[in-house]
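Have a look at the structure below, then the notes.
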2 protein chains.
Amino acid sequence: MGIPERQVSSTASSRIYDTLRQDLINGRFTAGEKVAISALKERYAIGLSPLREALNRLAAHGLLIQENQRGFRVPSLERSELDDIAEMRRELEGMALERAIRLGDAEWESELLAAAHRLKRADMAPDKVEEWEHFHACFHRTLVAPCGSAWLLRFIAQLHDQFDRYRRMAPEAPEVRRVLDAQHGELVELALERDIKSARALMDDHIQRSYQVALQGVLSSA
Amino acid sequence: MGIPERQVSSTASSRIYDTLRQDLINGRFTAGEKVAISALKERYAIGLSPLREALNRLAAHGLLIQENQRGFRVPSLERSELDDIAEMRRELEGMALERAIRLGDAEWESELLAAAHRLKRADMAPDKVEEWEHFHACFHRTLVAPCGSAWLLRFIAQLHDQFDRYRRMAPEAPEVRRVLDAQHGELVELALERDIKSARALMDDHIQRSYQVALQGVLSSA
DNA sequence: TAATTAATAATAATCGATTGTTTCGGCTAG
DNA sequence: CTAGCCGAAACAATCGATTATTATTAATTA
């Protein structure tokens, strides 16, 4: 009753894919280590076939490295790669934000306000981090959603996954965190005012600061 | 010999992946149709497991659409999607070309000249199209190769796959083809002269013309 | 001793069979 | 007629076992 929901059915493949994706982003695997497939099989209590299908997908997304006849490895964390990812985020999210501000309608404004509010209210306490991360990802996705390009959004999502691998590895930086949180609100304001130039500049600064935080993770573990 | 050879071993998975990728790009599957897995199994004489792993990878790359419990479908060809892909190509390849011209060294210049020459000499006769396509892809890859961003190159490669699905569906246009071929040579000249502005403009025009050609494929089949 | 090869263990990849879900055609009730 | 409900057939997903390849260790030789 109620909603005639589609998408009720999932598969073991896609469930383990989601789980592994989260665990990879959250750094629950040591960077650079080889993935022991049969160990995963036990750890997640899943069959080999769906597991291997998920690993193949993750490799295609760049969250794993696949080498013929020798399985999968977790990509190592390299400063040069973080630089690349951050730089691409600046370029692509800047582009997307500009377009979103041009194309976004009233409905977008509402959803953006809602997403920002959810994020602001979310707690960052250790046991609530997952929830905060969810709202944070949602906010950034909503911000650029009406950019008009499915491919641009796809690339940005991929870059976020990569970036978060680094960010979550980094030590906390409360004072930067406060600035970043404030910027979320400011981004909404500028978006509503349709101030493209300032919004892009702020987004650039936002990513740059996040980058600085994430960088500590690479530097400390190197 | 200097280089220790790599990639000697392949797997059934990656072989069928390469084959299917080519066949999808070449339009050997009807756009929008459901993929009959067991039919592919026969057609390519391959087991279910490697086949499914390949399909999962292709879906992650955007060359197939995966729906839980109902297998895989070949994406349909939509004008709006072609517009998106072409626009993204303009943005990303323009960006990459600019950086490549800034960063490319003498070795790059040599490889670029070589790639352009191979392409020029390649025959476009029906039975040699595969070879021409190979050299064409190589040329464009070489052109932007030293841009310094692995992620940018990855995105561009993905867009090329998508774009080519449309282009190869389109009817031949010999007079546009001549212009496009000439532009390859001009792109090399401008790159060697390090004329960033003109090179970007020409690349933009090149993609725009290719887009016009590819568009005929969508319009005629619609 | 160091290098090379042979034997063995570990594990990645693949196969064949089974299970579970969706689709489709006919049937029935309203 | 038409909407809804079986049951059968088709097909996607998954499992358990097997094969092929790589990694490790021991043995052998220069």
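All chains are named by letter (A, B, ...) in the order of the sequence lines, taking the proteins before the strands, and each is independently numbered beginning at 1.
When distances are taken from the side chain of Glu53(B) to each of dC15(C), dT14(D), dT14(C), the shortest belongs to dT14(C).
Ring pair Phe155(A)/Trp151(A) is tilted by interplanar angle, where 30° to 60° counts as tilted.
Under the 4.0 Å criterion applied to side-chain N and carboxylate O atoms, Arg57(B) and Glu53(B) are not assigned as salt-bridge partners. Look at Glu172(A) and Arg177(A) and you find no salt bridge, because none of the NZ, NE, NH1 or NH2 atoms lies under 4.0 Å from a carboxylate O.
Between the P atom of dA12(D) and the CG atom of Leu64(B) lies a distance of 13 Å, rounded to the nearest Å. Atom CG in Leu51(A) sits roughly 15 Å away from atom C1' in dG16(D) (whole-Å rounding). The distance from atom CD1 of Ile16(B) to atom P of dC15(C) is 11 Å, rounded to the nearest whole Å.
In this structure, Thr11(B) reaches the sugar-phosphate backbone alone: every heavy-atom distance under 4.0 Å involves primed, P, OP1 or OP2 atoms, never a base.
Residue-to-nucleotide proximity on DNA chain D shows that, of Lys41(A) and Leu48(B), the 5′-proximal contact is made by Leu48(B).
Between Ser10(A) and Asn68(B), the side chains place no donor N or O within less than 3.5 Å of an acceptor N or O (distance only, hydrogens not considered).
Side chain of Glu93(A) to main chain of Ile156(A): no donor-acceptor pair is present (N/O by atom type, distance under 3.5 Å, no hydrogens or angles).
Here side chain to side chain donor-acceptor pair (under 3.5 Å) pairs that include residues 33-51 of chain A, with residues two or more places apart or in two chains, are Asp23(A)-Tyr44(A).
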Close N/O contacts between protein and nucleotides 9-12 of chain C (under 3.5 Å):
| from | atom 1 | to | atom 2 | distance (Å) |
| --- | --- | --- | --- | --- |
| dA12(C) | OP1 | Lys34(A) | NZ | 2.8 |
| dA12(C) | OP2 | Ile37(A) | N | 3.4 |
| dA12(C) | O3' | Gly71(A) | N | 3.3 |

